> 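Handing you a structure now.
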Number of protein chains: 2
Amino acid sequence: MQEKRERQHKIEEIIRGHEIESQEMLLKQLQERGFHVNQSTLSRDLKDMRIGRVLNARGEYVYAMPNEEIKEALQIRLDQDAACGCIGYEFSGNIGVLKTLPSYAQMVALAIDKLSLPEIVGTLAGDDTILIMPRDGYDRQTVKQSLLRYIPELKEKVT
Amino acid sequence: MQEKRERQHKIEEIIRGHEIESQEMLLKQLQERGFHVNQSTLSRDLKDMRIGRVLNARGEYVYAMPNEEIKEALQIRLDQDAACGCIGYEFSGNIGVLKTLPSYAQMVALAIDKLSLPEIVGTLAGDDTILIMPRDGYDRQTVKQSLLRYIPELKEKVT
DNA sequence: TTTTTTCCTGCATATTTATGCTTTATTATC
DNA sequence: GATAATAAAGCATAAATATGCAGGAAAAAA
């Protein structure tokens, strides 16, 4: 059956885009997308895919792709030092425009660069504004979602 | 109390040197070293230390230091492509001497380099022999143990 | 020193995850 | 198409892990 393949792809997508704290939570996400399986199957899928349950910067249990974890660790910096300076996110065409407190932009941009996200080619920072250049093939929403993973504080400030 | 600090250091040491598959197993290792705590405490220690349970190359659950996981992933290559060519390990003084099948040495050495283990300064490979240069402060056994983590097949072939 | 607060741990248990076994579906072979 | 072999999923449950609560030790404040 090739439903399994599709499901596992979907799982990867979900894991990358959300902070999934338990298999039960993953289950719910899958159901909303039309995949109906039980927890046993998930447990096996995750094992297949080498997806482990690791601790993110805030000390919460989170499922992560193998080696995604290193980014979780980096997030510590982004969280504590930089993210608190972020105050808004908008688009100009495909380009993301991240607003920060004055003088924060360089620092935040550096932190974002360090994440070396697949969705982002690079950043260009002024004093309180960062341009985020998406990589070909990724759309605005994907880039935004990915960034939100690392700057959760931004969630409330974004349209 | 500073027993906690010591214990957590010991935990890191154990995790780095062994494939710990469960907290129970870790518990046993700690007891052998004179630390007597229960599973609850371990669970909390691991959370503190951001040590997660991930899947190694062989699909077994294993505790790993944050970002050690990326090495676990690399191990896939070392396992499947390279490690099968390893046939023995001895010492010459502090220097490790890893014997491989003819023509395997370069490939295996490259794989080992990629692991960038703290215990190893570098490697020098001929055709079927690799010299492993330990970093100052690490002894023969530590280096060997660390390497065995990534080339388990070697276990039976080593004195 | 006494009091207060914070931290650490164990106990018991809830929560979460893994897995043996069985059934069902899929693929391959005849 | 029928049958055998393989893979996938469910069910029930075992195994493993996380955590609320309470007691006691250590540290800080008085």
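Naming: A, B, ... by sequence-line order, numbering from 1 per chain. Please read these numbers as outputs of a predicted model, since none were measured by experiment.
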> Please report the distance, rounded to the nearest Å, between CD1 in B:I11 and C1' in C:dC8.
14 Å

> Just to confirm, is there a sub-4.0 Å distance from OP1 or OP2 of C:dT19 to any side-chain nitrogen or oxygen of A:K47?
yes

> Taking 4.0 Å as the cut-off, does a side-chain nitrogen or oxygen of A:S22 come that near to OP1 or OP2 on C:dT15?
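So the side-chain polar atoms of A:S22 never come under 4.0 Å of the phosphate oxygens OP1 or OP2 of C:dT15.
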
> Could you check how far CG of B:D48 sits from P of D:dT19, rounded to whole Å?
12 Å

> Let me see the working for B:R7 and B:E3 under salt bridge (Lys or Arg N to Asp or Glu O under 4.0 Å), right down to the final yes or no.
CA-CA 6 Å; B:R7 188 183 60 238; B:E3 162 127 351; 5.0 Å; no

> Establish, from distance only, whether the side-chain atoms of A:Y63 and A:Q23 form a donor-acceptor pair under 3.5 Å.
yes

> Check step by step if side-chain contact (heavy atoms from CB on, under 4.5 Å) holds for B:M133 and B:T123.
CA-CA 6 Å; B:M133 317 299 291; B:T123 63; over 6 Å; no

> Of the listed nucleotides (C:dT9, C:dT17, C:dG20), which one gets closest to any side-chain atom of A:Q39?
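Taking heavy atoms from C-beta onward, the closest nucleotide is C:dT17.
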
> Hey, does the side chain of A:R33 reach the backbone of A:Q29 with a donor-acceptor pair shorter than 3.5 angstrom?
yes

> Tell me the bend of the helix from C:dT1-D:dA30 to C:dC30-D:dG1 as the angle between end helix axes, each from five pairs, rounded to the nearest 10 degrees.
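Comparing the axis at each end, I get an angle of 40°.
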
> Is A:K28 paired with A:E24 through a side-chain N to carboxylate O contact shorter than 4.0 Å?
no

> If you pin B:V37 and B:Y61 to their nearest nucleotides in DNA chain C, which one's is more 5'?
B:V37

> Apply side-chain contact (heavy atoms from CB on, under 4.5 Å) to residues B:L30 and B:L42 and explain how you reach the verdict.
CA-CA 10 Å; B:L30 278 172; B:L42 279 197; 3.5 Å; yes

> At 4.0 Å (heavy atoms only), tell me whether A:S43 reaches a base, stays on the sugar-phosphate, or touches nothing.
base

> Specify the separation, in whole Å, of atom CG of A:D45 and atom P of D:dA7.
16 Å

> Ignoring backbone atoms, establish whether B:Y63 has a side-chain N or O less than 4.0 Å from OP1 or OP2 of D:dT17.
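For D:dT17, OP1/OP2 do have a side-chain N/O of B:Y63 under 4.0 Å.
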
> Does A:S40 make a side-chain donor-acceptor contact with the base of C:dT19, cut-off 3.5 Å?
yes

> Mind checking if B:R53 touches a base, just sugar-phosphate, or nothing, with heavy atoms under 4.0 Å?
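Answer is sugar-phosphate: B:R53 comes under 4.0 Å of backbone atoms only.
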
> A cation-pi test, strictly: NZ or CZ of B:R53 under 6.0 Å from the centre of the six-membered ring of B:Y61 and no more than 45 degrees from its axis. Yes or no?
yes

> Does A:N38 place a side-chain N or O at less than 4.0 Å from the phosphate oxygens OP1/OP2 of D:dA9?
no

> Can you tell which of D:dT17, D:dG10, C:dT9 lies closest to the side chain of B:R7?
C:dT9

> Between atom CZ in A:R5 and atom P in D:dA7, what is the gap in whole Å?
14 Å

> Could you state the CD-P distance from A:E60 to C:dT16, rounded to the nearest angstrom?
14 Å

> Roughly, in whole Å, what's the span from CD in B:Q8 to C1' in C:dC7?
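Rounded to the whole Å, the gap is 13 Å.
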
> Find the distance B:K4:NZ to D:dA25:P and express it as a whole number of Å.
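Spelled out: NZ on B:K4 to P on D:dA25 is 18 Å.
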
> Less than 4.0 angstrom from a charged side-chain N to a carboxylate O is my criterion; do A:D48 and A:K4 meet it?
yes

> Can you figure out which of C:dG10, D:dA9, C:dA18 approaches the side chain of A:R44 most closely?
D:dA9

> Nearest to the side chain of B:Q23, heavy atoms from C-beta on, is which of C:dT17, D:dA18, D:dT19?
D:dA18

> Calculate the interatomic distance between B:L46 atom CG and D:dA16 atom P; express it in whole Å.
15 Å

